[in-house]
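Input: a single structure, listed below in structure tokens.
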Amino acid sequence: MGLQVNPILPKFGAECSGLDITRPLSPEELKEVTDAMDKFGVCVYRDTGLTDEQHVEFSRNFGYLERVPAREGMKMRLPFRELFDASNLNLEGEITQDPAAIQYRKGDRLWHTDSAFMEKRTSYSLLLAHQVPGEGGETWFADTRTAYDDLPEDMKEFLEDKVGVNSLWWSRMKAGAEIAEEEIDARPKARHPLVHTHKGSGRKALFIAAHTMDIEGMDKDEGRSLIKQLIEHCTQPQYIFSVKWNAGDLVIWDNLCTMHRGGEFDYEHEKRDMRRTTVREGTEPHTMETGDDPFAELFSSTPKTVDIVGAREGGR
Ligand code: OGA
Ligand code: MN
């Protein structure tokens with residue numbers, strides 16, 4: 001029996017079943033997985049039984065995996081540098097009380113695309129639930145292809161060659177971290193076209209995120225109000241759905257045609273252990289690199305207020 005794909009919205013999101021992804025997949029099976037991704041942008045695999053190692057191995061099918069930067073003397077909670085820690089836990093596996101860590105995670109509750117602040121974009125993110133709160137803690141997804149399709153023609157024309165300027169610290173500031181705009185200006189930024197053609201489907205998509213700070217060549221206020229307007233457009237009810245997690249569930253999303261955000265939950269009292277692998281756009285399956293990832297450089301200058309005590313909590 002091949003992969004069963006049940007759409008969540010007519011053109012966006014699918015529940016996938018019938019495939020054991022803990023073991024190596026045949027080229028045909030892999031194609032079924034990527035075809036479903038190209039079509040639906042977000043695929044939910046329930047009760048996968050994936051271990052950390054199998055999670056990483058499965059993810060390597062889609063390209064080079066970004067690595068959490070290694071820092072002098074920094075211990076990590078998770079056993080592989082390919083696993084980004086999206087939990088609310090500290091090294092001991094207890095709920096973190098570190099205000100910087102709590103503050104940093106708030107940024108995940110803004111609509112964003114992973115690593116939009118990096119020059120090399122992220123294609124798939126694969127998030128596996130290990131422990132989930134009793135209530136809340138769902139993840140929301142937005143369809144930036146269909147939202148683009150529905151824009152008025154004059155807006156499409158206007159956006160055609162516009163370039164967004166993206167900064168990690170901009171999104172952290174918007175989430176309430178104390179960081180001055182001059183400080184953001186002094187830190188690395190990444191430029192990405194606001195509209196691009198999504199390779200797997202040939203459909204156009206908006207590429208915007210909480211990290212998108214300015215639009216090149218536009219007045220700052222006008223650019224920022226347009227970014228806000230576009231995010232609001234993409235996140236209207238007809239373009240979004242949420243995933244309610246159970247331990248063992250894996251969700252794959254394609255950052256190049258979606259946005260996502262975490263939902264609220266009682267993060268000071270309930271454990272939520274989520275681990276993510278992140279695939280770099282345009283890289284070959286099973287690419288291994290031993291050198292340091294560009295992430296390392298970016299995070300080496302992270303200011304304390306938005307740092308989450310370095311690598312141990314991951315970064316996006
Ligand atoms: C992520 C992320 C949201 C969530 O892992 O990239 O944004 O609900 N997660 O955990
Ligand atoms: Mn994210």
Side-chain angles (χ1 to χ4, degrees), residues 13 41-45 50 52 55-56 59 62 65-68 77-78 80 82-89 95-96 101-118 121-142 144 166-172 174-175 190 207-212 231 234-235 240-267 270-281 295 298-299 306 308 311-316:
V42 182
C43 288
V44 183
Y45 291 79
L50 286 167
D52 283 327
H55 178 191
V56 171
S59 305
F62 309 108
L65 302 182
E66 291 166 7
R67 287 150 61 90
V68 177
R77 187 174 73 90
L78 305 180
F80 302 102
E82 287 80 1
L83 289 174
F84 284 74
D85 192 345
S87 75
N88 62 338
L89 308 178
I95 295 172
T96 182
I102 294 167
Q103 180 58 52
Y104 187 91
R105 278 275 94 79
K106 282 189 183 158
D108 285 347
R109 295 197 281 277
L110 301 173
W111 285 105
H112 67 280
T113 63
D114 293 331
S115 315
F117 50 84
M118 300 285 292
R121 300 187 302 184
T122 288
S123 49
Y124 291 2
S125 290
L126 300 94
L127 187 64
L128 179 65
H130 287 252
Q131 188 174 357
V132 299
E135 254 179 72
E138 71 283 3
T139 307
W140 288 85
F141 296 94
T144 60
N166 298 276
S167 161
L168 169 63
W169 296 284
W170 174 254
S171 64
R172 267 44 200 172
K174 281 206 293 187
F207 189 75
I208 44 169
H211 308 116
T212 316
I231 293 177
C234 290
T235 55
I240 65 173
F241 68 87
S242 70
V243 172
K244 172 96 185 108
W245 297 88
N246 289 304
D249 295 346
L250 177 82
V251 179
I252 316 176
W253 63 85
D254 184 343
N255 287 286
L256 303 178
C257 61
T258 65
M259 284 194 283
H260 64 278
R261 71 173 184 86
E264 292 298 324
F265 70 102
D266 186 355
Y267 41 85
E270 289 221 68
K271 290 187 180 180
R272 183 170 184 270
D273 185 355
M274 311 290 286
R275 307 176 189 183
R276 193 194 77 193
T277 53
T278 321
V279 180
R280 183 153 293 151
E281 181 186 14
F295 263 119
L298 187 73
F299 281 92
V306 293
I308 39 166
R312 84 166 186 243
E313 305 268 344
R316 53 207 44 104

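Counting starts at 1 for both ligands and their atoms, in listed order. What you see is a predicted model; the values in this text were computed from it and never measured.
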Considering the heavy atoms of [X], write down every atom of ligand 1 situated less than 4.0 Å from one of them.
X: R272; value: 4 (C), 8 (O), 10 (O)
X: R276; value: 1 (C), 5 (O), 6 (O)
X: H260; value: 1 (C), 2 (C), 6 (O), 7 (O)
X: A86; value: 5 (O)
X: D114; value: 6 (O)

Open item on the list: If the condition is side chain to side chain contact (heavy atoms under 4.5 Å, CB included), which residues does R109 pass it with, not counting sequence neighbours?
Closed with: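 In terms of side chain to side chain contact (heavy atoms under 4.5 Å, CB included), with neighbours along the sequence ignored, R109 is linked to K106, E264, Y267.
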TODO: Answer yes when K271 and D266 have at least one side-chain N-carboxylate O distance shorter than 4.0 Å, and no when they do not.
DONE: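 Salt bridge between K271 and D266, a charged N being under 4.0 Å from a carboxylate O: no.
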Open item on the list: Please determine whether a side-chain nitrogen of the Lys or Arg among D273 and R77 lies less than 4.0 Å from a carboxylate oxygen of the Asp or Glu.
Closed with: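 Here D273 pairs with R77 in a salt bridge, since their nearest N and O are under 4.0 Å apart.
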Open item on the list: Contact between ligand 1 and F265 is defined here as a heavy atom of the residue under 4.0 Å from a ligand atom; is it met?
Closed with: no
Task: With sequence neighbours excluded, residues passing salt bridge (Lys or Arg N to Asp or Glu O under 4.0 Å) with E138 - done: none
Open item on the list: Hydrogens and angles aside, do S59 and E82 bring a side-chain donor and acceptor to less than 3.5 Å of each other?
Closed with: no
Ignoring angles and geometry beyond distance, decide whether [X] reaches within less than 3.5 Å of ligand 1 through its nitrogen or oxygen atoms.
X: H112; answer: yes
X: T139; answer: yes
X: W253; answer: no

TODO: Go through the steps for R105 and T96 under the test side chain to side chain contact (heavy atoms under 4.5 Å, CB included), then give the verdict.
DONE: CA-CA 11 Å; R105 278 275 94 79; T96 182; over 6 Å; no
TODO: Could you point out which residue of R261, R172, R272 forms a salt bridge (charged side-chain N to carboxylate O under 4.0 Å, His left out) with D108?
DONE: R172
Task: Which N, O or S atom of H260 lies nearest to the Mn ion (ligand 2), by name - done: NE2
- [ ] Take L89 and I95 through the side chain to side chain contact (heavy atoms under 4.5 Å, CB included) test and state the conclusion after the steps.
- [x] CA-CA 4 Å; L89 308 178; I95 295 172; 4.3 Å; yes
Open item on the list: So, 2.8 Å as the limit: is an N/O/S atom of D114 located closer than that to the Mn ion (ligand 2)?
Closed with: yes
